[in-house]
Amino acid sequence: MTRLRAIIVKEIFQLLRDPKSRIVLVLPPLIQLFIFTFATTLDVRNVDLAVLDRSSGVHSAELLQRIDGSPNFRKILYVRSSAELRRAIERQQVIAALVIEDGFDEKLTRHEPAQLGLILDGRRSNASQIVAGYVSRITAEMDAETVPQTLGGAQITNWFNPALDFVWFTIPALIVAIVSVSGLAITAQTVSREREMGTFDQLLVSPLRLHEILIGKIVPSFLVGGLNGALYWLVGQFVFGIPFAGSVFLFFISLFTYLLALIGVGLFVSSLSMTQQQSFLGNFIITNPLILLSGYASPIANMPPWLQTLTYINPARYFLVIVQGLFLKGMPAADVFHQLWPLALIAVTTLSVSAWLFRSRME
Amino acid sequence: MPVPAALEPIASAASVVKRFPGGAAPALNGVSMTVEAGRITGLVGPDGAGKTTLIRILAGLLHADEGEVAILGHKPIEMLDQLGYMPQRFGLYEDLTVRQNLDLYAELRALPEEDKEETFSRLLRFTDLARFQDRLAGKLSGGMKQKLGLACTLVRTPRLMLLDEPGVGVDPISRRELWAMVQDLTDEGIGILWSTAYLDEAEKCDRVYLLNEGKLLFDGPPGELTDRAEGRVIQLTGFGEARRPFLSRTLDRPDIIDGTIQGRSLRLLLRDGSPVPEPASFEAGAGTRIAKGQPRFEDGFIEILGGGPKGTSALAENYRVIPPSDRPAIEAKGLTKRFGDFVAARDMDFAIPQGQIYGLLGPNGAGKSTTFKMLCGLLSPSGGQGAVAGNDLRHSAAEARASLGYMAQKFSLYGELSVGQNLDFFAGAYNLRRPDARRAKDAMCEIFDLGDKLNMNAGELPLGFKQRLALAAAVMHQPPVLFLDEPTSGVDPVTRRMFWTHINGLVEKGVTVLVTTHFMDEAEYCDDVSLIYRGEQIATGTPDALKEQAVTLTESDDPTMEDAFVALIEESDRRREADERDAA
Amino acid sequence: MSGPRKPSKRFDYRRLRAMLVKEFAQIVRDPSTFLVALALPLLLLFMFGYGISLDMTGTRLAVVMEDSSAPALGLSQSYRASPYFKVDVLRDRAEARRQMIGGKIKGVVVIPQDFGRQVHEGHMPTIQIVTDGSEPNTAQFVASEAQGVFQTWAAAEPFADAPKPPSIEISTRFWYNPGLKSRFFLVPGAIAIVMTIVGTLLTALVVAREWERGTMEAIMATPITMVEFIASKIVPYYFLALASMTVCVAIAVTIFGLPFRGSLVALYVIASAFLMPGLGLGLFVSSATKNQFVASQIGLIASFLPTFLLSGFLYEIPSMPVWIQAITYIIPARYLIPSLQTLFLTGDVWSLFLPNIAMMLLFGFVYFFLSFRVTKRSLDT
């Protein structure tokens, strides 16, 4: 116990005293909180739209007024020719252009269907599609006021997040990202730093046992990852007001299991590297797919099948489902376990592989 | 080419002051000096004296805060064409070949294309690197790197050469070769400034500047400093006591300010004004004889710095007595290590009795570190057996590790942890219970004078203190066996004395020490040494026995340990070449 | 003995050439350079190319059949036929809710009990569409696509009270990317990320390496000028970054099937302009830190994160809060990504390129200015 305590205390002090580690400790969570929360929205707002109004009547004016009044649109750029319109789109002054044809007003006055041309910038196809949705919603509203609608049709309900607030999605995902980044970054450095500084030999000639050294390496990442996870779990509920409907106990069990899986990966990278430089690059190469292929950046279902299969070995995939489930959906224990056992399996595998690697690379 | 008649100063510094931000005292405080053409000017002093700072100012890499610096009457930065500078780490591109390194420096120094072939072949011959032209610089041995570094500064014959501690971590043979090469350069009228921690080198300089804490303590021909010890060096022989405790006791005498072991004799430096003592006053038996010794530069150096440490080691006084035992404390039986086809160490065989110092000597890359690492469990042997304190390396490695203390070649404690945290960690790692740990830590602070540095980051300590801390961490748990891998590399003579005082004291308590070193005077402290060359033990025995062997080889009647080292290596080379000829 | 030589203070081509030869020899020798310049870009490109896709395909949808009449079956068949959904047919809503909580399905279409009767009576029936709001983007997509399927189905049925066709018909055209493949705009963005990383990371290592290995001291004691030194650090990595970009563009066209409608001249002009700030940032970080580890860490974080998050690669800049939008102006990739997307999908639009090139050059100038400020021919700090 004396030895174990000594190495744990040493590892924690090292983490706290090394300015480089302190950066890893403080910076990523802060950057992530601010940038991720506010910047990473797939919402489309503040749209700039070009309009080529060849009709210039009451109806077209009304349509443009509605667009101008919509919170999603920012600016309407009036153009006079199709060449001007083309330029505006080409130069990305606007993402979309509305062409109101000559007879638009007359047709509407005669209650005939009137055509509206909408040209969108396919270079930003995702945002364009959403803008197309906005425009059609506005025209439908205009219609609805002139033409009485019938009953029937599709009623849409959004469960768990009725207003489709994007932050309700971002924050739970952010917990996954922050735990991953801090947990991996700290572990990936530990062994390679000792190797580079020459202190590794000093450890190996001491009576410390292999498992004691390994536990010493694991504890700091476990603490930091756990603290970050817990902190953002609180921030999500009390700062952003996101409902946490699930079991607190299950949340922390999953968090710890996930951390163990990560630490196994980090330790693997670290044991493989001779220098901190290598482990840093290795860590970068691992962290990216870990987060990007977790279902956070885009749904796993959109990926090609072979890549979907590959995501089964990604621990973040399971943890993301658990965190999202526990936060908004109050995921019951049975469903959590369904995600937890592969996570535990990955943890056991990565930890044992890295322990084996650590032992075999001691020379 | 004839040496210029008048000794013109190639470089000069006048009242140079240099302060570094955050440093309390100036790194250089009013230093004046000159480097003359065709002369080797030595720059010596303890660690942190300001030697490197002065050299860098002369190379135009640092700016003096006060004072004037001139090379051939100009500012250094304007005279880069006339300058050859070899930094401590030689400044080589290790991922380029020997030839590519030479090419680069030739182009940077605008060597005319038509002179290139001739210059290169001259330099390669001069440095004996012609065979290795296509080898990567990183794959060269320390001595070869040093020569290549020298060659790179010589692609266009400079007027001034600045060499910053070229001998650190390099074996005696390579150092001798380098010295000879540099001496040749003086014939061409080049002025050379040579900074060194090896005082035998300083002794051979034409003029020496001795720096301490940024101030000039001495300047003049080395003989002048040596002469200050004239008549005060005595050689003690025939004493009827073990030499190490006897040295400790003797150093505690008020009239002795320095002393070293030389084989079976002691070499002592008397305090200025003290008469030569009577043999009987040493109370070491009737056989004690006193002879006058030849003073060396080192004696003057130690004296001007206020003398060496006293003989009693506070560390040893606090140490437990290791119970005597008949079995060898460290044992190697046919230890062999192969890396692929390459045999790094072959059939290492020795047994170190308890309470002795055993030295592994040899050139860089000869296999002494490999042997050393196998014995402390860092490398697993490919063949043979090793045991530490009776614990076999294969079967009870953990027990073996618990019984040894280890000090690595380069500083390898946790630089970003404080001194106190380092000590706490090593106490815990060696299983000291809390009260024991606290006692041990307090004792270490007391003994090594670390008390006021407890909260400093270990990485920011001065070199001498780093070395003390490393020793403290290695002995906190009072192990019966100590492994020291070049423990004094780059350390100045005064600090080295202090270090060996502790080691000698510990050995008297029954501690067994295995040490590797490039300082041949340190080899004299060993009971037995093994000279390792090309992965094999080519000579084993007491230091005196090795010197004895060298007598016949060198035909000199009083060879130093260094002479013996060189002679034995050369002999081994001769024999191998002969064998190869026979085989062919 | 050679007489006094005057050191040349001027830019000396011979010294630069020698340094370049050295730099190339080191690149060839050092496997990690190739790893960063080639393996890392490919890895990132494939990861972004395949891993991120905003094209919803195979989204899991449950159809709850509370009615088993022929029209209900017909509608459920329409859902099965949609390329966007993978449909599970369930019997009751409770099961659907359980599955959604478990994360297995992203949406539910409930065909209610009286669905068949309504259809028989010639009324427009009502269905319920439920989405998983925990993923808002997917939820929106599911809602609109599920609604679309229903409307298409309904349009084929002769309902008496069928909704009148809307009086305003929108004919939508997506220029440059009519197939609406998200990969078409993500891959050029990924190339921008790769170029940022390669350019910045490689140069971040090189000057720091000279400091760390002690060669800087030896080099500074030769007559080389700092302009020559910095030039020798830029030129090789400029070409290396261009090479790795060329490989990425080739892969984008051949493997990911992107069109390339612009000219190669424009591509290299734009890439060169971008590499000025890219290499300049790395050089600055490297010279300022003098430590490879710290330099690569700062270089990677300062280049990768902003490029990924704040350049408009994945997230629309206009949708961000104003203070974040302000930050995006100092991120060079912000100017590269639209240019690359335009090169691939639109053609040479110099009116778009020129202002972007100007901004990139401006930032390049700033970084180089800073690099020269911190790279002094001196060990003084």
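Quick note on labels: first sequence line is chain A, next is B, and so on, each numbered from 1. Just so it is clear, the structure is predicted and the values come from calculations on it, not from any experiment.
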* Asked: Contact part of A:Leu108 toward chain C, heavy-atom cut-off under 4.5 Å: side chain, backbone, both or neither?
  -> side chain
* Structure fact -> So, the part of A:Gln93 with a heavy atom under 4.5 Å from chain C: the answer is neither
* Of the backbone (N, CA, C, O) and the side chain (C-beta and beyond), which part of C:Arg98 lies under 4.5 Å from a heavy atom of chain A, both, or neither? -> backbone
* Asked: Does the side chain of A:Arg87 come under 3.5 Å of the side chain of C:Ser351 through a donor N or O and an acceptor N or O?
  -> no
* To do: State whether a side-chain donor-acceptor pair under 3.5 Å links A:Gln115 with C:Glu169.
  => yes
* Structure fact -> When the 4.5 angstrom heavy-atom criterion is applied to A:Arg86 and chain C, the contacting part is both
* Give, as side chain, backbone, both or neither, the part of A:Leu281 having an atom under 4.5 angstrom from any heavy atom of chain C. => side chain
* Asked: Which bit of A:Phe327 comes within less than 4.5 Å of chain C, counting heavy atoms only: side chain, backbone, both or neither?
  -> neither
* Toward chain C, the part of A:Leu293 with a non-hydrogen atom under 4.5 Å -> side chain
* To do: Go through the atoms of C:Leu310 and report whether side chain, backbone, both or neither lie under 4.5 Å from a heavy atom of chain A.
  => side chain
* Could you look at A:Asn72 and say if it's the side chain, the backbone, both or neither that has a heavy atom under 4.5 Å from chain C? => neither
* A:Asn161 portion near chain C, given a 4.5 angstrom heavy-atom threshold -> both
* Please look at C:Trp350 and chain A and tell me whether the side chain, the backbone, both or neither of the residue comes under 4.5 angstrom of a heavy atom of that chain. => neither
* Heavy-atom proximity to chain A below 4.5 Å, by part of C:Ile101 -> both
* Where along residues 315-322 of chain C does a heavy atom come under 4.5 Å of chain A, listed by residue number? -> C:Tyr315, C:Glu316, C:Pro318, C:Ser319, C:Met320, C:Pro321
* Measuring heavy-atom distances to chain C, does A:Val135 have an atom under 4.5 Å in its side chain, in its backbone, in both, or in neither? -> both
* Asked: Between A:Asn158 and C:Thr131, does any side-chain donor sit less than 3.5 Å from a side-chain acceptor?
  -> yes
